[in-house]
Each structure stands twice: as C-alpha cells, then as structure tokens.
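Reviewing the structure listed below.
Scope of the values below: all heavy atoms of this structure, side chains included, with no hydrogens, waters or symmetry mates.
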Amino acid sequence: GNTYTSSNNSATHTLTNSKGCDSIITLDLTINTATFSNLNISSMNVYTSPSGNTYSFSGNYIDTITNSKGCDSIISISLTISVTSLDENQINLIKIYPNPTSETISIFITNDNIIGSTITIYDQSGKIVMKNILKNKKTKFDLSNLASGIYYIKVGDNFSKKIIKQ
C-alpha cells in the first residue's frame with residue numbers, strides 16, 4: 001500500500017505466513033526516469049533526428065529514443081529548414097499537375113538530368129507518406145488513399161511544392 005517516488009533498498013514489510021510466522025519482505029527498488037531535452041536545429045533541405053525520423057519542413061517535433069537506463073529520452077525539436085533555392089531555369093524544369101487533385105498527381109520534367117531523383121510526399125507534420133524514384137519524364141502518383149488535406153512534394157533535394165488533396 002506504500003507509494004515510492006524514488007529508488008529505495010531499505011523499506012521492509014512484515015507479513016504473517018500461513019504457519020503464523022513472520023515473513024519480512026525487503027524492497028530493492030530502482031526507479032529509472034525519462035530524460036527530456038530541447039534542440040534548436042537549423043538544417044539545409046532535410047534533417048534526420050536521433051531516432052532516424054527525417055523532416056523536410058520547419059516545425060516543432062517530438063522525438064523519442066531510449067536513454068542509457070533503458071527509459072524514454074524525449075527530445076523536443078524546434079526545426080528550421082532552409083531550402084536551397086533554384087534558379088528560374090531549374091524551376092521551369094518541373095511541372096506538377098493537377099493541383100489541387102482528388103486522385104492522381106503527375107510530375108513532368110523537361111530535363112533528363114532530373115531522372116533518378118527521389119520524389120517524396122510529406123504530410124503537414126513532416127511525415128513521409130509516399131516515396132519513389134523519378135524513372136522517366138512523366139510520373140504519376142496515386143493519392144486516392146490519402147486523406148484530404150495539404151501535402152508537400154519534394155523532388156531531389158532542391159525542389160518542393162505544396163499540393164492539395166481534395
């Protein structure tokens with residue numbers, strides 16, 4: 001019936017066993033606590049957290065890893081992502097349509113050098129919801145299984161655009 005809020009190896013409790021004799025129980029309790037930390041991070045294009053989560057958009061995130069005692073280590077991340085800017089010619093190399101969309105989105109490129117780039121779609125919290133490789137000049141993504149809302153599509157490390165799923 002006792003509550004302990006810190007480690008304890010000296011508490012005892014006496015019980016009477018079925019033969020009427022005393023039984024003494026000694027408590028050897030170690031309480032391991034979670035650790036908390038705050039990180040202010042500035043990164044170019046993408047950031048990978050200590051637990052391996054990848055974020056491509058500025059925001060506040062919570063990350064959890066296991067500390068040296070086997071307990072949760074909770075990390076509050078305040079993240080600022082700076083996107084490498086493209087020049088006007090590079091921006092015209094990628095077209096994404098229709099936007100907004102209800103089912104599919106097409107990515108059309110005019111430069112073969114972009115083929116082989118990774119295409120990643122993120123939800124508003126920065127979680128990856130789709131990922132693929134741009135295999136040719138026109139690629140379609142089926143978004144019909146995604147909930148309505150705002151998403152971000154990223155082609156390679158340099159181009160990102162907001163898309164709306166109706």
Side-chain angles (χ1 to χ4, degrees), residues 3-5 30-166:
T3 300
Y4 296 94
T5 57
T30 302
I31 296 178
N32 294 323
T33 58
T35 53
F36 301 90
S37 59
N38 296 309
L39 296 177
N40 291 312
I41 302 291
S42 294
S43 182
M44 293 296 291
N45 298 317
V46 68
Y47 169 72
T48 302
S49 71
S51 69
N53 292 323
T54 301
Y55 302 103
S56 294
F57 300 98
S58 297
N60 295 310
Y61 302 96
I62 299 294
D63 203 33
T64 304
I65 59 175
T66 303
N67 68 18
S68 63
K69 300 286 188 181
C71 297
D72 286 344
S73 178
I74 301 167
I75 305 166
S76 173
I77 303 169
S78 178
L79 179 62
T80 302
I81 294 288
S82 300
V83 178
T84 304
S85 61
L86 299 175
D87 66 30
E88 192 64 35
N89 293 328
Q90 291 172 306
I91 290 171
N92 292 328
L93 298 176
I94 302 170
K95 303 288 183 201
I96 299 174
Y97 59 91
N99 190 14
T101 186
S102 59
E103 291 191 16
T104 61
I105 196 125
S106 294
I107 300 171
F108 180 73
I109 62 166
T110 58
N111 183 333
D112 290 340
N113 292 337
I114 301 173
I115 293 175
S117 295
T118 301
I119 299 172
T120 311
I121 299 177
Y122 300 87
D123 64 13
Q124 288 190 71
S125 70
K127 178 183 171 192
I128 296 173
V129 296
M130 298 180 106
K131 192 171 189 175
N132 210 335
I133 300 294
L134 185 61
K135 295 180 182 170
N136 50 45
K137 286 187 173 191
K138 186 175 181 183
T139 302
K140 284 189 176 188
F141 275 90
D142 181 4
L143 306 181
S144 60
N145 62 340
L146 297 178
S148 297
I150 296 173
Y151 294 87
Y152 299 91
I153 190 164
K154 190 169 185 179
V155 179
D157 286 332
N158 297 326
F159 179 84
S160 63
K161 181 174 177 96
K162 179 169 69 172
I163 56 175
I164 299 171
K165 166 68 168 52
Q166 297 176 325

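Distance CG/N99 to CD1/I105: 5.0 Å, rounded to 0.5 Å. Within the model, atoms CD1 of I109 and CG of L134 stand 4.5 Å from one another, a figure rounded to the nearest 0.5 Å. Taking OG of S76 as the start and CG of N40 as the end, the distance is 8.5 Å to the nearest 0.5 Å. Considering CG of D142 and CE of M130, their distance stands at 6.0 Å, rounded to 0.5 Å. The distance from the CD atom of E103 to the CG atom of N145 is 10.5 Å, given to the nearest 0.5 Å.
Judged by distance alone, with hydrogens and angles left aside, the side-chain atoms of D63 form a donor-acceptor pair with the main-chain N or O of S51 at under 3.5 Å.
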Determine, step by step, whether I96 and S106 satisfy the side-chain contact (heavy atoms from CB on, under 4.5 Å) criterion, reporting the C-alpha distance in whole Å, the side-chain angles of both residues, the deciding distance to 0.1 Å, and the verdict. CA-CA 6 Å; I96 299 174; S106 294; over 6 Å; no

Mind running side-chain contact (heavy atoms from CB on, under 4.5 Å) on T5 and I31 for me, showing each step along the way? CA-CA 8 Å; T5 57; I31 296 178; 5.5 Å; no

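A 4.5 Å side-chain heavy-atom check between I163 and T101 finds every atom pair outside the cut-off. Between I77 and Y47, some side-chain heavy-atom pair lies under the 4.5 Å cut-off. Using a 4.5 Å heavy-atom cutoff, the side chains of S78 and N60 are in contact.
Between S73 and N67, the shortest heavy-atom contact is CB-CB, 4.0 Å. For the pair Y151 and I121, the tightest heavy-atom approach, listed with the atom from each and the gap, is CB-CG2, 4.0 Å. Taking all atoms of both residues into account, the shortest heavy-atom contact from I75 to P50 is CD1-CG, 3.8 Å. L143 approaches K165 most closely through the heavy-atom pair O-CE, 2.9 Å. When all heavy atoms of V155 and S117 are compared, the pair lying nearest together is CG1-CB, 4.2 Å.
A donor and an acceptor atom, one from each side chain of T120 and T118, are nowhere located under 3.5 Å apart. Side-chain atoms of T80 and S42 form no donor-acceptor pair, as typed in the model, at a separation below 3.5 Å. Side chains of T64 and D72: a donor-acceptor N/O pair is absent below 3.5 angstrom, by distance only.
Judged as a ring pair (Phe, Tyr, Trp, His ring centres under 6.0 Å), and not counting sequence neighbours, F141 has no contacts.
Residue pairs meeting the salt bridge (charged side-chain N to carboxylate O under 4.0 Å, His left out) criterion with at least one partner in residues 127-137, sequence neighbours excluded, are D112-K137.
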